Number of protein chains: 2
Amino acid sequence: MIEAAAGARRVPVMADVARLAGVSHQTVSRVVNGQDNLRPATRAKVEEAIRQLGYRPNTAARALVTRRSATIGVIGSKSGYWGPSTVHRTIQAAGREAGYFVSSVNLQSLTREELVDAVEHLRNQGVEGIVLISATDEALEVARAQEQWGVPVVVVEGDPARTHWTVGVDQVAGAEAGTRHLVELGHSDIVHLAGPQEWTEGRARLQGWRNAMYAAGLRPSEHVTGDWSAASGFELGRRIAEREDVTAVFAANDQMALGLLRALSEAGRGVPGGERGVSVVGFDDIPEAAYLIPPLTTVRQDFEAVGRRAIEILRAALAGTPEPARLVEPELVVRASTAPPVERNP
Amino acid sequence: MIEAAAGARRVPVMADVARLAGVSHQTVSRVVNGQDNLRPATRAKVEEAIRQLGYRPNTAARALVTRRSATIGVIGSKSGYWGPSTVHRTIQAAGREAGYFVSSVNLQSLTREELVDAVEHLRNQGVEGIVLISATDEALEVARAQEQWGVPVVVVEGDPARTHWTVGVDQVAGAEAGTRHLVELGHSDIVHLAGPQEWTEGRARLQGWRNAMYAAGLRPSEHVTGDWSAASGFELGRRIAEREDVTAVFAANDQMALGLLRALSEAGRGVPGGERGVSVVGFDDIPEAAYLIPPLTTVRQDFEAVGRRAIEILRAALAGTPEPARLVEPELVVRASTAPPVERNP
DNA sequence: CTGTTAGCGCGTTCAA
DNA sequence: TTGAACGCGCTAACAG
């Protein structure tokens with residue numbers, strides 16, 4: 001370390017600022033932390049010294065003494081679906097605005113092992129709280145043990161019955177609205193192209209579809225289950241396309257709807273019109289939804305609201321004044337992929 | 001703090017482990033850091049004590065004394081396009097695998113001010129290095145001043161001439177391949193639906209298109225410039241659809257191609273066939289590309305390779321053994337949206 | 001192979 | 001309103 005001693009440029013520390021300003025390091029600390037019992041002249045001197053030296057407080061030292069890392073962790077998943085990744089980005093922005101550093105870890109798969117690993121990783125970093133984005137059953141189970149984690153955990157789209165703090169969109173209401181729209185157009189044979197049932201969203205949307213069917217006095221036919229991907233929407237769509245009685249499909253997300261649109265198109269079944277036509281409703285309102293062929297009627301989720309709300313809840317929990325879960329309302333966006341069914345000639 | 005002293009459960013520290021194991025805290029440190037000059041029996045004792053207490057090292061204290069935060073920062077953008085966000089997720093995974101904590105900040109817009117802010121934020125956190133994902137001119141300019149930042153910065157899709165460390169896909173080669181494919185099918189009037197020209201990707205793809213046109217002895221017609229979104233692809237596509245002479249379009253990304261497909265469809269111009277048909281090539285190969293109507297021929301980028309490579313380069317830079325930039329090769333994926341032009345009856 | 005000592009840079013006492 | 005002393009939990013350097 002001879003070089004350092006000899007004057008190689010070191011990162012300036014509080015003591016350097018104190019020396020330059022002619023005060024104690026303690027006074028510098030007060031300026032940095034915005035305390036008000038300081039003579040304006042003193043403050044000015046210190047601020048000038050800070051500027052001149054380009055001083056910045058050492059986060060590690062501060063964290064060590066305050067026992068607060070000013071960091072929160074976010075657990076997302078590696079798959080880049082529009083919804084979760086938008087929530088993730090919003091959380092990062094909101095977390096930073098709230099004065100936190102945001103550390104992320106993306107899971108390859110939502111297995112118990114990977115999840116526990118991620119939590120370990122974040123706890124090692126000393127995060128003050130965690131937001132968990134992908135709510136599968138396994139994730140919820142792990143999150144349930146949060147008392148042991150020592151830090152509050154907010155689960156996005158979690159099951160209120162199984163997690164302490166949660167935030168999300170009213171998935172059931174959204175699915176009901178999407179299905180009801182089809183019912184009101186006159187459809188009665190409405191198939192549900194469902195999402196994976198180990199996801200809370202997948203289950204809730206299935207439930208909403210059923211609710212709306214029963215409410216209309218219709219018997220929900222069986223549903224088919226995909227994996228959120230366009231590929232699965234296409235594969236399952238081919239089978240749906242063979243069923244001439246079907247006049248409408250409510251898909252659990254826009255990607256699957258997209259694959260479905262192509263399957264229908266290939267099968268020569270128009271969307272929405274024509275004698276063998278099929279109406280399609282999606283879920284999410286991805287940015288491309290309005291530009292599909294045809295433009296997709298879908299249920300919009302305000303992912304940014306969810307992300308912001310997640311941070312609000314986490315902050316409240318950290319402050320010791322927990323807030324109740326509150327659902328964000330989804331909104332039906334009607335475009336060109338839905339229309340009344342055309343009379344069929346038997 | 002009487003409660004604490006009275007025995008309220010504290011987070012265990014190294015000294016607690018040492019006491020329980022009957023060794024010095026230094027020995028515990030050695031175990032924790034995996035040094036090998038330890039008697040197996042001692043190590044076992046310590047490990048048992050660690051397990052029993054649920055001890056975990058305090059990152060802040062370690063960072064303070066080692067002057068290493070074990071954290072790297074990633075700067076991305078709030079817009080959630082497939083490419084950048086895939087790279088972002090991969091970087092997070094690769095960074096963590098390399099033993100780092102990964103702190104992210106997503107920019108609302110890529111203005112100079114926001115960028116400087118993000119860098120400040122990350123430096124305050126004491127990150128050891130930074131990966132900057134969105135390479136616009138402003139971003140590159142800010143990155144250029146990295147000598148002042150005190151930490152190495154890797155720019156994804158940066159301009160090798162203007163940034164120290166960079167990694168990316170050979171955009172020019174990709175655009176050449178996409179355009180050449182159209183040329184080889186027999187098209188000569190190939191329009192380029194370009195990306196924003198302040199993005200290095202946007203410029204490089206334009207350049208590749210031009211190169212391929214000249215190489216084929218064709219005169220590149222003027223290009224139109226979008227903003228990467230499906231909306232802009234649709235708007236510009238409507239104008240392109242009016243030009244009956246155009247038989248092919250090379251779009252700078254898949255989202256714009258998606259919007260374009262709809263514009264062409266609305267204008268009654270088939271893709272790819274028919275007398276007024278238009279062939280379309282995209283760029284990126286988003287997961288939905290294979291399920292558009294028709295399935296999109298496009299240039300695939302290996303975003304995960306880019307993300308992994310970014311971490312490799314950053315690690316090398318941190319280790320003081322910088323590696324040269326190396327481009328990832330893109331790959332043409334031929335699907336159904338391209339075909340030879342049909343003879344026109346004038 | 002293991003223990004002792006001395007900080008890392010900062011905030012929290014207290015006293016002045 | 002300001003300063004001095006102390007310690008946060010850990011690793012580095014040395015001694016044994």
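Please read all numbers here as calculations on a predicted model, not as lab measurements.
If you check every strand for non-hydrogen atoms under 4.0 Å, A:V32 touches nothing. Note on B:L64: a base of the nucleic acid sits closer than 4.0 angstrom, heavy atoms only.
The separation between B:H25 atom NE2 and D:dT11 atom P is 10 Å, rounded to whole Å. The interatomic distance linking A:D16 (CG) with C:dC10 (C1') rounds to 13 Å, in whole Å. Taking atom CZ of A:R56 as the reference point, atom P of C:dC10 lies 12 Å away to the nearest angstrom. One interatomic measurement links the two molecules: CG of A:N124 to C1' of D:dC10, which rounds to 15 Å at whole-angstrom precision. What separates CD of A:Q26 from C1' of C:dT12 is a distance of 8 Å, to the nearest Å. To the nearest angstrom, P of D:dG9 lies 14 Å from CG of B:L53. Going from atom CG of A:N33 over to atom P of C:dG9 covers 17 Å, rounded to whole Å. To the nearest angstrom, C1' of C:dG3 lies 13 Å from NZ of B:K45.
Although no hydrogens or angles enter the test, the distance criterion places a donor-acceptor pair under 3.5 Å between the side chain of A:T200 and the main chain of A:E157. Side-chain N or O atoms of B:E114 include one that pairs as donor or acceptor with a backbone N or O of B:Q108 at under 3.5 Å. Remark: the backbone N or O of B:Q35 is not paired with any side-chain donor or acceptor of B:N33 at under 3.5 angstrom.
In this structure, the nucleotide among D:dA4, D:dT11, C:dC10 sitting nearest to the side chain of A:M14 is C:dC10. Here the nucleotide nearest the side chain of A:R67, chosen from D:dT11, D:dG3, D:dC8, is D:dC8. Set against D:dT1, D:dA5, D:dC14, the side chain of B:R30 has D:dC14 as its closest nucleotide. Side-chain atoms of B:T66 lie closest to D:dT11 of the nucleotides D:dT11, C:dT2, C:dC10. Comparing C:dG9, D:dT11, D:dC10 against the side chain of B:Y55 picks out D:dC10 as the nearest.
With axes fitted over five pairs at each extremity, the angle between the ends of the helix from C:dC1-D:dG16 to C:dA16-D:dT1 is 30° (10° resolution).
OP1 or OP2 of C:dT2 has not a single side-chain nitrogen or oxygen of B:N37 nearer than 4.0 Å. OP1 or OP2 of C:dG11 sits under 4.0 Å from a side-chain N or O of A:R62. Neither OP1 nor OP2 of D:dC8 sits under 4.0 Å from any side-chain N or O of B:N58. Distances shorter than 4.0 Å separate none of the side-chain N or O atoms of A:T27 from OP1 or OP2 on D:dT1.
The neighbour count for B:R315 CZ, taken as heavy atoms of other residues, nucleotides or ligands under 6.0 Å away, does not exceed 12.
Where B:R39 and A:A15 meet DNA chain C, the nucleotide closest to each residue was compared, and B:R39 sits on the side nearer the 5' end. The residue among B:R43 and B:A61 whose nearest nucleotide of DNA chain C lies closer to the 5′ end is B:R43.
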Evaluation steps, side-chain contact (heavy atoms from CB on, under 4.5 Å), between B:S134 and B:L107:
CA-CA 9 Å; B:S134 299; B:L107 272 36; over 6 Å; no
Let's go through B:Q125 and B:T71 carefully: what are the C-alpha distance in whole Å and the side-chain angles of both, what is the deciding distance for side chain to side chain donor-acceptor pair (under 3.5 Å) to 0.1 Å, and is it a yes or a no?
CA-CA 8 Å; B:Q125 195 175 8; B:T71 303; 5.3 Å; no
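Residue A:E304 holds its CD atom at 11.5 Å from CD1 of A:I91, rounded to the nearest 0.5 Å.
Taking the centre and axis of the six-membered ring of B:W82, the NZ or CZ atom of B:R89 falls inside the cone set by 45° and 6.0 Å.
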